[in-house]
Structure formats: structure tokens, C-alpha cells
Amino acid sequence: WFTFQPAAKLLADRTIDQDLINQFDDLLYTRELLIQGKLGETNYRMKMRTALENLVVVGNSLSKITDDYKIKNFRFDNYVWERGNDNELLWLITVEKYDPVELMDEQLALADLRRSELASKPSADRRVELFTKCERQVNSKSWLIRQELNQHQIAESEEKVTPYIAAGYVEVPGEHYSRGFVEGALGYFRSFNGLHKALLDGAVATAKILAVADESKGANPRDFMLANGAAISGRIESGEPTGYAFLQAKKNADLMYAMNLTDRIEKRLGQQMLLESDAQPTGERVTATQVM
């Protein structure tokens, strides 16, 4: 979320006409709409959803804004970085598979590759690893970006603003990488997974139907394979057939205990993750302010 606002110094200046400030505010709003429209063409919401999921689960997220304003996300095993004592980024290195035929002739020559040889190979066989390093320059307060392909440097540029967005969920002093929300609640997640698996196994065992036939009482195992409505022979006592039964797990009490504990853990996780159904206060006199 972002919005343009006139500077506080401008708003506090009583010598400036209020109508002029209102016109300036309208122009800023128009600029917001233009930026939102440009980002809407790049499907950035889906890309940022993936970045936020990485941030919550892994604790670190790296994205890059390309020249055409598109967002590229990197997997956690496709980049490394180093932070300084102030937790500010010093440098990062990314690796990605790249098709060299998309390079210009000058870059192909720098990478010691020939377009004629590449064109004869299938696209899957000619993809090579492209390394990119973005390093902060303390003196010039800029970012030096270098790219290497086939162990040769093919590009170098210096930018005032880095195109990479390196974010962390919980930054720890002295560590280069941040901690994620899942790591903080890892005990709950492991307990929930173990109990949930036990409940699933118990449900499968309970749903399994095994018939028991006591042949000493005239029961025949083949009777269970007869069609509905067929007549079978057997002993009947007090209006009930004997010699036939179905195997029962009789673990309902144990499964109920595991289910109750699973529900409690699930509720705690829901409260920590601010799920509306779990984080919302309940009671007879819950006000709208409490819900908000």
C-alpha cells in the first residue's frame, strides 16, 4: 500500500494558496492511478503473493523489478547475500538458467560463445547458468551490478537504486538471514502434523471393514460375498444371528483425546496467524471496535 502526500512543510506554509495545494494533491492522485495501472498490467499481485509466502515461511524473500516493471522472484536456493552490522544489505549473488541466444553479439563474444553453435543445439541443452552480483558501493552510495556467463563477465553497470528487493521477516543481529514466522511456531506445526497424521491413520483403520465368520457356529465366509437380499443359513439366538461379526477398532476414546488436542493447537496457530475466525473476539457483548 502506498499513497502520495504533499510534504508537511508545504502544508504548513500559510503563504501558499490552498487551491494550489488542492490542485497539486489532485496531480499526485493522478500519478498514483498511473502507477497502479502500470503495475496492474504486469500481474504484480500474484508475484508479490509468492514473495510474501516466502517471507512468512522461509523468513527471506528476494525479488527483482525488471526494466519493463515486471517482478521476478528467486527461490531460496538460487541466491546468497551478506548483511552488515546494521543489518543493511552489502551484496547479493543470484543464479538463474539463461538461454545465451537472447544475448547480443557483443555479449556472446565476451562469454566466448558462438551463435552458430548454439543455434544447432536444442533450447534445453544450451541453457547455462547466469550469475549476477549486486554490491553496495559505500563511497559513491550506488550499486555495482556485474553479470557472468560461461565464467566470463558479460555486463557491468552502476545504479543509484538497486532493482532487487531483499526482505526479511524477523531480522536477527549478527546473522545474514532472517527468521520466518513458521520457525517461531515450529513446535506447534510439528505437533499438529504428528497428531493430524495419527487421526488420519485412525480414521483409515476405523473405516476399514473386516468381516468375521465363526465356522463352528455354522457361519460361512462366502456368505459375505452374496448379493443383497440373499438367504444364508446359520444359528439364531434371541432373534440375532450368531457366528457373524465385524471387527471394530474400539479406539474412539483415544482418537477423541488426540482430536481435542489437535483442535486446541489449530486454534493457537490460527490466533498467531491472525485468521479471522480464530483471532476475532467472541462473547455476548463484543463491540465493533474490538472486532476491528
Side-chain angles (χ1 to χ4, degrees), residues 1-5 28-29 31-84 86-98 130-136 143 145 159-193 196 262 265-281 290-292:
W1 181 86
F2 177 79
T3 180
F4 281 111
Q5 295 288 342
L28 291 179
Y29 178 68
R31 188 174 182 85
E32 287 180 24
L33 296 180
L34 292 175
I35 294 175
Q36 291 176 6
K38 185 67 176 179
L39 290 177
E41 298 174 0
T42 62
N43 199 16
Y44 80 101
R45 287 184 175 87
M46 182 178 298
K47 297 292 185 179
M48 292 309 299
R49 174 189 173 92
T50 303
L52 291 175
E53 288 177 348
N54 288 333
L55 199 62
V56 172
V57 177
V58 183
N60 302 273
S61 174
L62 180 63
S63 305
K64 179 183 179 181
I65 302 179
T66 60
D67 295 336
D68 54 354
Y69 299 101
K70 293 182 179 179
I71 296 179
K72 178 192 297 184
N73 293 319
F74 293 88
R75 274 187 359 186
F76 191 51
D77 56 346
N78 287 343
Y79 66 88
V80 293
W81 66 41
E82 183 177 343
R83 296 185 182 272
D86 55 355
N87 275 351
E88 293 294 330
L89 188 68
L90 296 179
W91 56 262
L92 62 86
I93 299 176
T94 64
V95 58
E96 50 189 317
K97 292 292 185 179
Y98 194 81
L130 173 66
F131 293 90
T132 304
K133 183 177 183 180
C134 181
E135 186 174 6
R136 184 175 67 177
W143 295 85
I145 302 177
E159 307 290 342
K160 288 294 183 182
V161 179
T162 171
Y164 293 92
I165 304 175
Y169 188 80
V170 178
E171 294 182 350
V172 181
E175 294 188 4
H176 299 301
Y177 299 96
S178 303
R179 309 288 179 89
F181 168 81
V182 172
E183 185 175 353
L186 192 58
Y188 279 145
F189 280 110
R190 285 177 174 172
S191 300
F192 180 83
N193 287 338
H196 192 62
T262 303
I265 295 177
E266 184 177 8
K267 185 174 181 60
R268 293 172 185 172
L269 286 173
Q271 291 174 345
Q272 291 188 7
M273 301 191 74
L274 298 181
L275 297 182
E276 183 178 358
S277 58
D278 295 316
Q280 182 171 319
Q290 287 178 283
V291 174
M292 292 175 62

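On a predicted model such as this, the values are computed, not experimentally measured, just so you know. Hydrogens, waters and symmetry mates are skipped; everything else that's a heavy atom, side chains included, is used.
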key: side chain to side chain contact (heavy atoms under 4.5 Å, CB included) between Thr132 and Tyr164, worked out   = CA-CA 11 Å; Thr132 304; Tyr164 293 92; 3.3 Å; yes
task = Measure the CG-NE2 distance between Leu92 and His176 for me, rounded to the nearest 0.5 Å.
result = 13.5 Å
request  = Please say whether more than 12 non-hydrogen atoms of neighbouring residues, nucleotides or ligands are located less than 6.0 Å from CZ in Phe4.
outcome  = yes
query = Looking at side-chain heavy atoms only, is the closest gap between Val182 and Phe189 below 4.5 Å?
reply = yes
request  = Identify, with sequence neighbours excluded, every residue that meets ring pair (Phe, Tyr, Trp, His ring centres under 6.0 Å) alongside Trp143.
outcome  = none
request  = To the nearest 0.5 angstrom, please state how far the CG atom of Asp86 sits from the CD atom of Glu171.
outcome  = 9.5 Å
remark   = Separation between CD1 (Ile65) and NZ (Lys70), nearest 0.5 Å, reads 14.0 Å
Heavy-atom pair of closest approach, residues Ala167 and Trp81 = O-CH2, 3.9 Å
message = Keeping Trp91 on the side-chain end and Glu82 on the backbone end, is there a donor-acceptor pair under 3.5 Å?
response = no
request  = May I ask you to check whether over 12 heavy atoms, not counting those of Tyr188, lie within 6.0 Å of atom OH?
outcome  = no
task = Can you measure from OH (Tyr44) to CD (Gln36) and round to the nearest 0.5 angstrom?
result = 6.5 Å
Side chain proximity check, Leu89 to Arg136, heavy atoms < 4.5 angstrom = no
remark   = In terms of heavy-atom contacts, Ile265 and Ser191 come closest through CD1-CB, 3.8 Å
inquiry  = With heavy-atom distances below 4.5 Å as the criterion, would you say the side chains of Phe74 and Glu96 are in contact?
reply    = yes
ask   = In terms of the angle between their ring planes, are Phe192 and His196 parallel, tilted or perpendicular, with boundaries placed at 30° and 60°?
value = parallel
Student check: side-chain heavy atoms of Asn54 and Tyr169 closer than 4.5 Å = no
message = With rounding to the nearest 0.5 angstrom, report the CZ to CG distance, Arg83 to Leu90.
response = 9.0 Å
Per-pair distances, 0.1 Å, donor-acceptor, side chain in residues 55-64, under 3.5 Å, sequence neighbours excluded:
{"from": "Asn60", "atom 1": "OD1", "to": "Ser178", "atom 2": "N", "distance (Å)": "2.9"}
{"from": "Asn60", "atom 1": "ND2", "to": "Ser178", "atom 2": "O", "distance (Å)": "3.2"}
{"from": "Ser61", "atom 1": "OG", "to": "Ala51", "atom 2": "O", "distance (Å)": "3.3"}
{"from": "Ser63", "atom 1": "OG", "to": "Asn73", "atom 2": "OD1", "distance (Å)": "2.7"}

request  = Check Tyr177 against Phe76 and note the closest heavy-atom contact, atom names and distance.
outcome  = CD2-CE1, 4.1 Å
Rounded distance (nearest 0.5 Å) linking atom CD of Glu266 with atom OG1 of Thr262 = 8.5 Å
inquiry  = Can you confirm whether more than 12 heavy atoms, excluding those of Lys47, are under 6.0 Å from its NZ atom?
reply    = no
ask   = Short question: side chain of Thr42, backbone of Leu39 - any donor-acceptor pair under 3.5 Å?
value = yes
